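The structure under discussion appears below in the form of structure tokens.
Hydrogens, waters and symmetry mates are skipped; everything else that's a heavy atom, side chains included, is used. Nothing here was measured: the structure is a model prediction, and the numbers come from that model. We count residues from 1, following the sequence as given.
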Amino acid sequence: MGLIASLIKLLHDPAEAVTHIAVAFDDPIESFRNRLFDGYKTSASLPNDVLEQFPLAQAGICALGLALWPQDEFEADDAIATAATRADDAFREIRILSPDKDFGQLVNDRVVQIDRARNRVLDAAGVADRLGVTPAGVPLLLALQGDAADGIPGVPGFGAKSAQTVVNRYGALDAIPTACAQWDVSLRGRDKLCETLNAMRSEIALYETLARLRTDVPLDCGVADVLFGGIPQAAFVAWCDTVNATSLKTRPRRWKHA
């Protein structure tokens with residue numbers, strides 16, 4: 001089980017020095033966003049053998065002694081957003097271990113985004129360097145340029161640079177002038193982009209809603225709820241036996257003391 005092996009590696013990573021941790025899970029993939037927009041991502045592209053592993057993976061996460069937040073009405077990203085914004089002041093830093101673009105909107109003085117594959121920590125300046133906008137501008141950016149990973153189509157004619165320019169100048173959809181002559185930005189095909197945007201304002205508002213992470217998920221995310229006190233050996237070994245993952249039994253080094 002690659003997921004469990006990766007989590008074990010994370011738990012032993014001195015750079016992370018994990019003290020509190022939770023894993024959010026889409027179960028199922030579909031959420032309230034699918035009711036808002038038919039084109040939003042679904043489980044249709046996932047092979048059945050992958051979907052069938054979800055219960056085993058979740059059981060493995062629990063066997064590691066980690067807090068698990070499976071989501072059905074909301075998405076895993078919403079659970080993470082809720083925890084990040086509601087976190088107790090006892091947490092000096094909150095680290096979101098995912099490179100997904102939409103998490104950039106959560107970054108602030110205390111929340112950072114971690115791209116482990118590239119060994120990169122994204123603070124607010126890092127988000128701006130990567131996406132070309134401040135964290136607050138990320139939902140509108142994704143609405144304009146689209147986000148293929150989530151099935152957000154974006155606005156025809158808008159690429160990354162044009163979307164960044166508009167977001168940085170106006171900040172909010174309602175603040176973008178409807179009169180094209182009032183667009184005081186330097187863009188190739190400015191008038192055409194303006195006309196397209198005006199014709200799609202309701203769609204863009206919907207796309208921005210899809211891209212904006214929710215922070216009202218019912219969630220137990222207090223300090224005690226996400227405390228990591230080590231891997232419970234008996235439960236983890238039992239899970240390994242269940243899935244015939246013998247090679248994983250000896251990998252943990254942070255066992256929970258009775």
Side-chain angles (χ1 to χ4, degrees), residues 2-26 57-58 60-62 64-71 74-142 147 149-150 167 211-232 251-257:
L3 171 63
I4 303 304
S6 295
L7 286 171
I8 293 173
K9 183 178 180 180
L10 167 68
L11 294 172
H12 294 101
D13 186 347
E16 290 298 334
V18 175
T19 59
H20 297 76
I21 184 171
V23 180
F25 220 97
D26 289 326
Q58 293 186 51
I61 292 167
C62 292
L64 286 172
L66 310 185
L68 175 66
W69 296 332
Q71 299 299 308
F74 295 94
E75 293 183 45
D77 291 4
D78 299 313
I80 292 170
T82 297
T85 56
R86 201 194 298 170
D88 190 278
D89 289 341
F91 295 108
R92 295 192 304 274
E93 183 177 71
I94 298 140
R95 298 167 71 85
I96 299 174
L97 276 63
S98 170
D100 290 359
K101 294 177 182 177
D102 57 352
F103 283 128
Q105 66 191 273
L106 302 176
V107 172
N108 56 36
D109 291 343
R110 195 164 56 131
V111 179
V112 295
Q113 189 178 0
I114 310 298
D115 184 344
R116 285 177 62 80
R118 295 176 176 81
N119 193 28
R120 187 179 184 189
V121 179
L122 297 174
D123 56 10
V127 170
D129 181 63
R130 180 193 184 198
L131 299 180
V133 299
T134 65
V138 170
L140 181 55
L141 176 77
L142 297 180
D147 186 0
D150 284 340
V167 172
R212 189 175 302 280
L213 298 180
R214 295 277 294 270
T215 59
D216 57 344
V217 177
L219 204 63
D220 293 325
C221 57
V223 174
D225 297 309
V226 296
L227 176 67
F228 176 65
I231 299 170
R251 293 194 187 183
R253 298 190 301 276
R254 294 183 63 180
W255 295 115
K256 185 176 183 178
H257 299 294

Any side-chain heavy atom of [X] sitting closer than 4.5 Å to one from [Y]?
{"X": "L10", "Y": "I21", "result": "yes"}
{"X": "I96", "Y": "V112", "result": "no"}
{"X": "R251", "Y": "K9", "result": "no"}
{"X": "R92", "Y": "R110", "result": "no"}
{"X": "F228", "Y": "L11", "result": "yes"}
{"X": "L97", "Y": "D115", "result": "no"}
{"X": "F74", "Y": "D77", "result": "no"}
{"X": "F91", "Y": "H20", "result": "yes"}

### Query
Does the distance from a Lys or Arg side-chain N to an Asp or Glu carboxylate O, for R95 and E16, drop under 4.0 Å?
yes
### Query
Are the charged groups of R120 and D129 less than 4.0 angstrom apart, N to O?
yes
### Summary
In short, salt bridge (Lys or Arg N to Asp or Glu O under 4.0 Å) pairs touching residues 215-231 with sequence neighbours left out are R214-D216
Looking only at heavy atoms, which two atoms of [X] and [Y] are closest? And how far apart?
{"X": "A124", "Y": "V107", "answer": "N-CG1, 3.3 Å"}
{"X": "T19", "Y": "L227", "answer": "O-CD1, 3.6 Å"}
{"X": "A57", "Y": "I4", "answer": "O-CD1, 4.0 Å"}
{"X": "A79", "Y": "A24", "answer": "CB-CB, 4.2 Å"}

### Query
For L141, which of D102, L131, D147 qualifies under side-chain contact (heavy atoms from CB on, under 4.5 Å)?
L131
### Task
Please test V167 against V138 for side-chain contact (heavy atoms from CB on, under 4.5 Å), starting from the C-alpha separation and ending with a verdict.
CA-CA 9 Å; V167 172; V138 170; over 6 Å; no
### Task
List the steps and the verdict of side-chain contact (heavy atoms from CB on, under 4.5 Å) for D13 and R116.
CA-CA 11 Å; D13 186 347; R116 285 177 62 80; 3.2 Å; yes
### Query
With R253, which residues qualify under side-chain contact (heavy atoms from CB on, under 4.5 Å), at least two apart?
H12
